[in-house]
Amino acid sequence: MFKKRIAFKLTAGFVVIVLISMLAIGLLFIQMFRQYTLDSREQTMLTRAHSIAEVLAENSQNSGQLRGFAGFMRFLDTLTESKVWITDNKGNLSSFSGMGNGMGPGAGQGFGKGQGMGQNFGFGPGMGQGHFYNSEPLPAEAESVIQDVLNGKESVSESFSSVYNEATLTVGVPIIDSNKRVIGSVLLHSPVTGITATVNKAVSILAVSLLAALLLAVGLGIFYSLLFTRPLRAMNLTALEITRGNYNARTGVNRQDELGQLGDSLDQLASKLGCTINQLFQEKGKLKDIIASISEGLVAFDMTLEPISVNAALAIIMNRPQPYLTEDIKKDLNHLEIEAQLIRVIEEKKPAQVQKDWLGKKLMFTLAPIIDNNGSVTGSVALVQDISESERLEQLRRDFVANVSHEFRTPLTVIRGSLEAIVDGAVEKSEDIKRYHERMLSETRGLERLVEDLLQLSRLQSGKITIHKETIHIPSLLTDAVKSIQTIAEKKGIKIEYQTEQDIPPVIGDYDRLRQLFIIFLDNAVKYSPENTKVSVDTNLLEVNMLTVIIRDQGYGIAADELTHIWDRFYKIDKSRYGKGTGLGLAIAKHLLELHKAQVSVQSKLEKGTLIEIKLPLAPVTA
């Protein structure tokens with residue numbers, strides 16, 4: 001885990017760079033030092049070899065041969081700090097340092113330490129044979145040097161001697177006489193004393209330096225790594241806080257470099273992101289409120305047709321309890337075969353509408369794809385509308401047009417037929433003509449009532465009608481209304497029972513409107529009751545400050561599912577069974593009740609009759 005941290009990587013990188021740099025510089029320095037030492041030694045040996053060659057060349061001009069130098073070869077060895085070999089022009093060894101005392105007919109003395117025999121001449125005059133002591137053969141590297149030197153070139157050979165355990169140099173220069181001929185060579189062979197020891201010491205120093213540099217590099221690397229990573233860690237913590245929803249978190253980095261700029265950018269990002277998130281939450285809240293407030297059901301799906309969002313209205317429309325579970329939504333939509341329609345909408349990227357029947361309701365599904373900015377479909381949404389009411393109202397409108405047309409057409413047909421009979425002279429007797437006139441008058445009055453009902457309902461709905469409030473004695477008003485309906489009731493043998501109670505407190509209202517209200521209810525009770533039945537009217541004071549009027553009949557009754565619709569205009573329970581009418585009476589009665597702030601309730605059973613309970617507020621009692 002630690003190896004993955006940037007502090008470790010920075011420290012390791014810093015240490016590696018320092019080590020590589022120190023190692024490269026140390027090795028380069030050692031190599032340069034070694035090369036400098038070799039070059040310096042080589043130049044010194046070449047200079048000394050040239051000096052010896054010049055002396056030998058001058059001597060050869062005097063004596064004509066390279067002899068008589070064995071006596072001072074030991075001094076050359078000490079002088080040049082090297083082994084010295086002198087060869088003739090054929091590469092044969094003439095003299096070399098390290099010779100011993102010689103014996104022979106000449107007068108001379110050798111100064112070497114080696115043993116052997118050979119030609120040697122001392123410093124004194126004379127020639128002869130001598131013996132050598134401690135003679136050393138030419139080293140192997142000198143053999144290759146001699147060939148180049150005898151060709152008139154300087155030659156240098158570098159190698160490592162296992163004898164000296166050092167790097168050795170072998171230099172050779174030609175001995176050239178006055179005629180520019182090579183008459184021999186001078187070879188110097190010497191270890192470059194101190195190179196190995198110096199290099200070993202330099203390596204030791206380099207190792208110690210590398211260790212010190214390593215410790216220093218580790219310390220500095222850790223320090224600068226922590227200095228570098230501290231603001232990064234602060235930024236990381238700030239970023240984590242932002243991911244947790246804390247958009248007030250700040251890095252606290254106050255620097256002028258790129259890290260400071262990055263910290264400022266992250267702070268600005270947190271600030272702007274916080275503002276954006278707040279705006280999104282506000283918009284989401286508004287959208288949620290809008291979706292929750294609409295009366296239509298709304299459900300959103302993902303690409304797998306899984307419901308992901310639904311409003312409360314959907315459960316109401318689908319007649320399901322809250323909460324409307326996802327499993328129930330999928331089950332109901334599968335039953336309605338909506339999934340196939342959704343798949344087609346997603347494929348075609350076009351909205352569609354589907355009408356379905358559900359639990360006695362008519363539902364309209366408006367399906368639409370959800371398309372993002374790139375034109376890709378990310379899901380779909382379904383808007384569910386309960387159009388049962390609108391369909392019912394549309395049916396009522398159609399029924400109303402049909403009823404009104406029928407109500408107008410029937411009397412107009414009677415009037416037209418009567419007029420044609422009179423004009424054509426088909427009716428000549430005065431009694432017949434009078435009967436035709438009465439019929440036309442009756443039909444005209446029916447048309448007038450129809451038009452009046454329509455106009456009155458229109459005024460009530462628009463709020464243009466006014467009422468004249470006064471103190472009304474309800475028993476007297478009910479007696480008047482019963483008398484008005486009595487004639488119609490007697491034709492069907494229906495008896496209206498009502499006993500006047502004089503101790504009923506008065507109410508405040510419009511006498512004509514209340515009379516119209518009770519006549520509507522009594523007329524319906526008589527109209528929708530079979531012959532030879534009874535209609536009763538009762539009044540009582542069951543509640544404080546409220547007068548209750550109850551109208552009972554023994555009629556055909558109203559089905560429970562139709563009770564909520566009887567107050568709608570143009571609504572007729574069974575047009576084929578219960579006679580004609582426009583269906584405007586109860587709609588007018590509803591508005592009259594609202595004008596008087598009255599309450600009404602209806603209880604009915606098929607073939608058992610209907611009970612209507614009207615509650616009117618009493619007039620305030622004055623002191």
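Predicted, not measured: the structure shown is a model, and the values here were computed from it.
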Check whether any side-chain N or O of N334 sits under 3.5 Å from a backbone N or O of E339 as a donor-acceptor pair, and report yes or no.
no
Closer than 3.5 angstrom, by distance alone: can the side chain of D88 be matched with the main-chain N or O of K90 as a donor-acceptor pair?
yes
To the nearest 0.5 Å, what is the distance between CD (Q43) and OG1 (T47)?
5.0 Å
Checking K361 now: which residues fulfil side chain to side chain donor-acceptor pair (under 3.5 Å) with it, not counting sequence neighbours?
N319
Working to the nearest 0.5 angstrom, can you tell me the gap between L266 CG and M235 CE?
7.0 Å
Can you spot which of I338, D328, L342 makes a side chain to side chain contact (heavy atoms under 4.5 Å, CB included) with L333?
I338
Kindly write out the residues that satisfy side-chain contact (heavy atoms from CB on, under 4.5 Å) with N246, not counting sequence neighbours, or none if the list is empty.
E241, N248, A249
Please tabulate, one pair per line, all N/O donor-acceptor pairs under 3.5 Å involving side-chain atoms of residues 15-31, not counting sequence neighbours.
from	atom 1	to	atom 2	distance (Å)
S21	OG	I17	O	2.7

Roughly how far apart are M32 CE and D39 CG, rounded to 0.5 Å?
11.0 Å
Would you say that I175 contacts I86 through its side chain, given a criterion of any heavy-atom pair below 4.5 Å between the two side chains?
yes
Donor-acceptor pair, side chain of Q322 and main chain of A312, under 3.5 angstrom:
yes
Which atom pair, heavy atoms only, marks the closest approach of V149 to P174?
CG1-N, 3.3 Å
Among all residues two or more places apart in sequence or in another chain, which pass the salt bridge (Lys or Arg N to Asp or Glu O under 4.0 Å) test with R320?
D332
Rounded to the nearest 0.5 Å, how far apart are OG of S209 and CG of L216?
12.0 Å
Among V156, T170, V171, the one residue meeting side chain to side chain contact (heavy atoms under 4.5 Å, CB included) with V145
T170
Any heavy-atom pair between the side chains of M318 and I329 that's under 4.5 Å?
no
For T251 against G263, the heavy-atom pair lying closest together
OG1-O, 3.7 Å
Pairwise salt bridge (Lys or Arg N to Asp or Glu O under 4.0 Å) hits with a residue in residues 287-309, at least two apart
E306-K330
Using the salt bridge (Lys or Arg N to Asp or Glu O under 4.0 Å) rule, collect all pairs that involve residues 220-231, keeping only residues at least two apart or in two chains.
none
Supply the atom-to-atom distance S293 OG to N311 CG, rounded to the nearest 0.5 angstrom.
9.0 Å
With a 3.5 Å distance limit and no angle check, can you tell me whether N236 reaches the backbone of L232 through a side-chain donor-acceptor pair?
no
Which heavy atom in A49 sits nearest to a heavy atom in L188, and how many Å separate them?
CB-CD1, 3.8 Å
Looking at V182 and N89, what are the two nearest heavy atoms and their distance?
O-CB, 3.3 Å
Look up atom CD1 in I277 and atom CG in L273, then write down how far apart they are to the nearest 0.5 Å.
5.0 Å
What are the two closest non-hydrogen atoms of E337 and Q341, and how far apart are they?
O-CG, 3.9 Å
Sorted by chain and number, sequence neighbours left out, salt bridge (Lys or Arg N to Asp or Glu O under 4.0 Å) with E158 holds for R34
With sequence neighbours excluded, what pairs up with E348 under the salt bridge (Lys or Arg N to Asp or Glu O under 4.0 Å) test?
none
In chain order, what residues pass the side chain to side chain donor-acceptor pair (under 3.5 Å) check against R250, with sequence neighbours excluded?
none
So, does T243 use its side chain to make a donor-acceptor pair with the main chain of L240 at under 3.5 Å?
yes
Are K284 and L287 side-chain neighbours, meaning at least one heavy-atom pair lies under 4.5 Å?
no
Please find the pair of heavy atoms, one from P321 and one from A315, that lie closest to each other, and give the distance.
O-CB, 4.3 Å
Could you check whether any side-chain N or O of T44 sits under 3.5 Å from a backbone N or O of S40, counting only pairs where one atom can act as donor and the other as acceptor?
yes
Hey, does L169 have a side-chain heavy atom less than 4.5 Å from the side chain of S190?
no
Taking only distance into account, with no hydrogens and no angle test, what donor-acceptor pairs under 3.5 Å do side-chain atoms of residues 367-389 form with protein atoms, sequence neighbours excluded?
from	atom 1	to	atom 2	distance (Å)
D372	OD1	N374	N	3.1
D372	OD1	G375	N	3.1
D372	OD1	S376	N	2.7
T378	OG1	I370	O	3.3
D386	OD1	S388	N	3.0
D386	OD1	S388	OG	2.7
S388	OG	K362	N	2.8
E389	OE1	R392	NE	3.3
E389	OE1	R392	NH2	3.2
E389	OE2	R392	NH2	2.3

Test: salt bridge (Lys or Arg N to Asp or Glu O under 4.0 Å). Region: residues 17-28. Which pairs qualify, not counting sequence neighbours?
none
Enumerate the ring pair (Phe, Tyr, Trp, His ring centres under 6.0 Å) contacts for residues 333-386, please, sequence neighbours excluded, ordered by first and then second residue.
H335-W358
